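Below: the structure, in structure tokens.
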Amino acid sequence: MTTDESSEHPQDSVGLNGMVPQSVASSNLYTPDDGTDETGLSQDLGQALLSADAIDQEQLTSARSVVEKSPGKRLVDVFLGMGIDEAAVQQAWAKVTGVAFQRIGEESIEADRQINRLGLDFCLSHGVLPIRMSGQRLILGVTDPDNLPIVDEIRHKLQLPIKTVVVCRCDVSLYIESCKERADEADDENTVDEIIAGIEDDEVELVETQDEEMDLEKMAGESPVIRFVNYLIFNAVKEGASDIHIEPMEKKLQIRYRIDGIMFDSMSPPHHMKAAIVSRIKIMANLDISERRLPQDGRIRAMVHGRKLDLRVSTLPMVQGEKVVMRILDTRSIQVGLDELGMNEDTLLMWKHQIDQPHGIVLVTGPTGSGKTTTLYASLGKMDRTKLNISTTEDPVEYHLNGINQTQVHDKIGMTFSAALRALLRQDPDVLMVGEIRDTETAKIAIQASLTGHLVLSTLHTNDAPSCVTRLINIGVEPYLIGSAVNATLAQRLVRKICDNCKVKQPPTGDVADHLAMHGIAADELCVGEGCDKCRNTGYAGRLGLYELLILDDNLRDKIVSNPSVTEFRRMCVERGMVTLREDGFKKVGLGQTTVDEILRVTESTI
């Protein structure tokens, strides 16, 4: 320390109680600038805020009362806890302690080297931030001017004389978060190099439509983009994702996976790779890479560690570029027995009885991704394929099943659901599965098929089981035909299962206990997932189904003829014993299979 530096005025640091810390005289800290209002040094913080019209007398009285009743609690913390503007509090505190106040932003920070020496986490946790150098002295922003020990610690760490100014914690936090974001973007660019260097040659293979397999990794040395796209597919399959979303942003490319129905951020490759990544996927899916203004759909057949996969590719022009979504179709995901879907015993027994009927229509309903196809395939798997002629018409044929005749719909050439269904009826079928009933013509042909001795399975997009009836009426089917042909409708949803590895029991509290009581579930403890490496710290792993099965009896068939409203028909179905999706969900909560939050997320209240 030089003689000139030691001769400067020491900092007059006055605490909230008006006491001057002993260490101030020997500390080389900030000296108030000339012109400081000396009367402010002895002001109480509350009076300073009152004078600045930042608080009123009632707030001041309330805050002082809290301090009196809470030994050790500081007046400044009480004001901040009351929601008083932080800048006003910090400015008043600076005035009381005789230290300058300063708002900071990215443009005012010129001490990056000192910030790096301290570390971002250290600055954030202690509420300090080096701002700039003034000659040989560091201007240090502090959120607590009374915390002299931390200033001494920083002076010893940096071996620099320090001049403090009071700053807002929110300014410190914003600056540090922006630093971390810039560091993350730099890390993402480095990560891409690590990813493409770590992918093995045999992890992803392209399968041509002529069944000629070509090893993608043979071209890995020619372009890192090829290896990066291979890694996306490989990693998605490893993580158990059902979809890969590649989303262009203004300054980055965001990649997300859908796992167990929930979106998770995966990575953000450099923005300059955007066009190359999309073009590579288009080439793999045999799409036109020069067309960037129109949506395109394609398909990729690939081998990932010996598993043959189909990926349905969809591109969509966005403001910032083309978005790509790849749905991963894995035959393992539909090789699920009917007994493993999660139906309770009564629902499973009634459903098996319905798919054993010689004729009639059985409908499965639910939103996209709710497991309808899996339920239909599991139901077909229960049938005797050696004695029955089972045919399907689908758009697209997602999975190939042995012993079943599957037909692909092509709307552009006139091969619609209705045309395919009409042709299948001339193929001597016993069981027909129609991928979806979309229009009046398809619905009427399906009903005619059911009335002439065929069992028809199909899907319909409605919110619940009773709505299937009103939906068919709305698309033009006569109510008396619906009452005669439809045997049953099954609505379903998928919820996440609690991870078995980190499952623990906890007593229900608050709203959770109220929901359980409302649905008649008596439970002193409920299962929840704490989060672990196996479930990506979400507490959930895998999914199970919720089911709402409606069996049409004679009374309901008579009601259908009168074309009832959705609300009226649903009420009648519940009165006749139909278990709703939410009721089935809460039963599974009671069994420790899922959580109340999951049930509330996917089902609507019927009470």
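Just so it is clear, the structure is predicted and the values come from calculations on it, not from any experiment.
- Ion pairing of Arg571 with Glu575 is present here, as a side-chain N (NZ or NE/NH1/NH2) and a carboxylate O approach within less than 4.0 Å.
- Here the CG atom belonging to Asp243 is positioned 4.5 Å from the CZ atom belonging to Arg327, to the nearest 0.5 angstrom.
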- Task: Verify side-chain hydrogen bond (donor to acceptor under 3.5 Å, both in side chains) between Glu394 and Gln406, making sure each step is shown before the conclusion.
- Result: CA-CA 7 Å; Glu394 306 169 59; Gln406 295 174 275; 3.0 Å; yes
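- Atom-to-atom distance recorded for Thr416:OG1 and Leu421:CG is 9.5 Å, nearest 0.5 angstrom.
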- Check against salt bridge (charged side-chain N to carboxylate O under 4.0 Å, His left out), Asp554 and Lys559: CA-CA 9 Å; Asp554 291 340; Lys559 187 67 176 178; over 6 Å; no
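- Classification of Glu441 and Arg422 as a salt-bridged pair holds, one side-chain N sitting under 4.0 Å from a carboxylate O.
- Using a distance-only test at 3.5 Å, with no hydrogens or angles considered, a donor-acceptor pair links the side chain of Asn487 to the main chain of His359.
- In this structure, CG in Leu549 is found 4.0 Å from CD1 in Ile551, a value given to the nearest 0.5 Å.
- No side-chain donor-acceptor contact under 3.5 Å links Gln427 and Ser391.
- Counting heavy atoms from C-beta outward, Arg438 and Ile475 have side chains that stay 4.5 Å or more apart.
- Heavy atoms only, all atoms of each residue included: Ser418 and Thr442 are closest at N-OG1, 3.5 Å.
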- side chain to side chain contact (heavy atoms under 4.5 Å, CB included) evaluation trace for Ile281 with Val229: CA-CA 7 Å; Ile281 294 172; Val229 172; 3.9 Å; yes
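- The minimum heavy-atom distance linking Cys468 with Thr489 is given by the pair CB-CG2, 3.7 Å.
- Among the candidates Thr392, Asn389, Thr393, the single residue satisfying the side-chain hydrogen bond (donor to acceptor under 3.5 Å, both in side chains) test with Asn405 is Asn389.
- Counting only distance, with no hydrogens or angles, the side chain of His454 and the backbone of Val431 share no donor-acceptor pair below 3.5 Å.
- For the pair Arg582 and Glu604, the salt-bridge criterion is not met [side-chain N within less than 4.0 Å of a carboxylate O].
- Checking each of Ile482, Val469, Ile437 against Val477 for a side-chain contact (heavy atoms from CB on, under 4.5 Å) leaves exactly one that passes, namely Ile482.
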- Query: Step by step, would you call Arg312 with Asp297 a salt bridge (charged side-chain N to carboxylate O under 4.0 Å, His left out)?
  - Reply: CA-CA 7 Å; Arg312 285 166 50 187; Asp297 295 310; over 6 Å; no
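- Rounded to the nearest 0.5 angstrom, Thr374 OG1 and Leu338 CG are separated by 11.5 Å.
- Between the side chain of Gln506 and the backbone N or O of Cys527, no donor-acceptor pair lies under 3.5 Å.
- Minimum interatomic distance between Ile277 and Pro269 (heavy atoms only, all atoms of both residues): CD1-CG, 4.2 Å.
- A heavy-atom distance below 4.5 Å is found between the side chains of Ile289 and Ile283.
- Salt bridge annotation for Arg570-Glu568: absent, with no cationic side-chain nitrogen under 4.0 angstrom from a carboxylate oxygen.
- Within a 6.0 Å radius of NZ in Lys274, other residues, nucleotides and ligands contribute more than 12 heavy atoms.
- More than 12 heavy atoms of other residues, nucleotides or ligands shown are found within 6.0 angstrom of CG on Asp384.
- With hydrogens and angles disregarded, a donor-acceptor distance shorter than 3.5 Å links the side chain of Arg385 to the backbone of Asn402.
- Counting only heavy atoms from C-beta outward, the side chains of Tyr257 and Asn235 approach each other to under 4.5 Å.
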- Query: Please walk me through it: do Thr365 and Thr459 pass side chain to side chain contact (heavy atoms under 4.5 Å, CB included)?
  - Reply: CA-CA 5 Å; Thr365 181; Thr459 68; over 6 Å; no
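- Looking at every heavy atom in both residues, Pro466 comes nearest to Leu550 through CA-CD2, 3.9 Å.
- A donor-acceptor contact shorter than 3.5 Å is absent between the side chain of Tyr540 and the backbone of Val495.
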- Task: Take Val579 and Lys587 through the side chain to side chain contact (heavy atoms under 4.5 Å, CB included) test and state the conclusion after the steps.
- Result: CA-CA 10 Å; Val579 178; Lys587 288 180 180 178; 4.2 Å; yes
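- Between Asp584 and Lys588, at least one side-chain N (NZ, or NE/NH1/NH2) sits under 4.0 Å from a carboxylate O, which counts as a salt bridge.
- Both the sub-6.0 Å distance and the 45° axial angle are satisfied by Arg536 relative to the ring of Phe264.
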- Query: Please walk me through it: do Tyr480 and Ile560 pass side chain to side chain contact (heavy atoms under 4.5 Å, CB included)?
  - Reply: CA-CA 7 Å; Tyr480 73 90; Ile560 291 172; over 6 Å; no
Would you list the atom pairs, donor with acceptor, under 3.5 Å between side chains in residues 349-356 and any protein atom, with sequence neighbours excluded?
residue : atom : partner : partner atom : Å
Trp351  : NE1  : Ser379  : OG           : 3.0
Lys352  : NZ   : Asp339  : OD1          : 3.0
His353  : NE2  : Gln357  : NE2          : 3.1

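- With no hydrogens or angles considered, a side-chain donor-acceptor pair links Gln254 and Glu247 at under 3.5 Å.
- Not a single donor-acceptor pair under 3.5 Å links the side chain of Arg256 to the backbone N or O of Asp265.
- Atom NZ of Lys497 has 12 or fewer heavy atoms from other residues, nucleotides or ligands within 6.0 Å.
- At least one side-chain heavy atom of Gln296 sits under 4.5 Å from a side-chain heavy atom of Lys282.
- Between Met572 and Asn555, the closest heavy-atom pair is CE-O, 4.0 Å.
- No side-chain donor-acceptor contact under 3.5 Å links Glu239 to the backbone of Ala236.
- Between Arg496 and the choices Leu544, Thr595, Ile262, Ile259, the side-chain contact (heavy atoms from CB on, under 4.5 Å) rule is met once, by Ile262.
- A salt bridge links Asp310 and Arg299; the closest N-O separation between the charged side-chain nitrogens and carboxylate oxygens is under 4.0 Å.
- In this structure, Thr603 contributes its side chain and Ile599 its backbone to a donor-acceptor pair below 3.5 Å.
- To the nearest 0.5 Å, atom CG of residue Leu432 and atom CD1 of residue Ile390 are 10.0 Å apart.
- Without hydrogens or angle criteria, Lys372 side chain to Gly366 main chain gives a donor-acceptor distance under 3.5 Å.
- Residues Arg471 and Asp464 are not paired through a salt bridge, judged by the lack of any N-O separation under 4.0 Å between the basic side chain and the carboxylate.
- Within the 3.5 Å criterion, the main-chain N or O of Ile361 finds no donor-acceptor partner in the side chain of Ser450.
- Rounding to the nearest 0.5 angstrom, the gap separating the OG atom in Ser266 from the OH atom in Tyr231 is 6.5 Å.
- Across all non-hydrogen atoms, the minimal contact from Glu322 to Glu291 is OE2-O, 3.7 Å.
- For the pair Gln492/Leu546, no side-chain contact is recorded, criterion being any heavy-atom separation below 4.5 Å from C-beta on.
- For the pair Cys535/Cys502, a side-chain contact is recorded, criterion being any heavy-atom separation below 4.5 Å from C-beta on.
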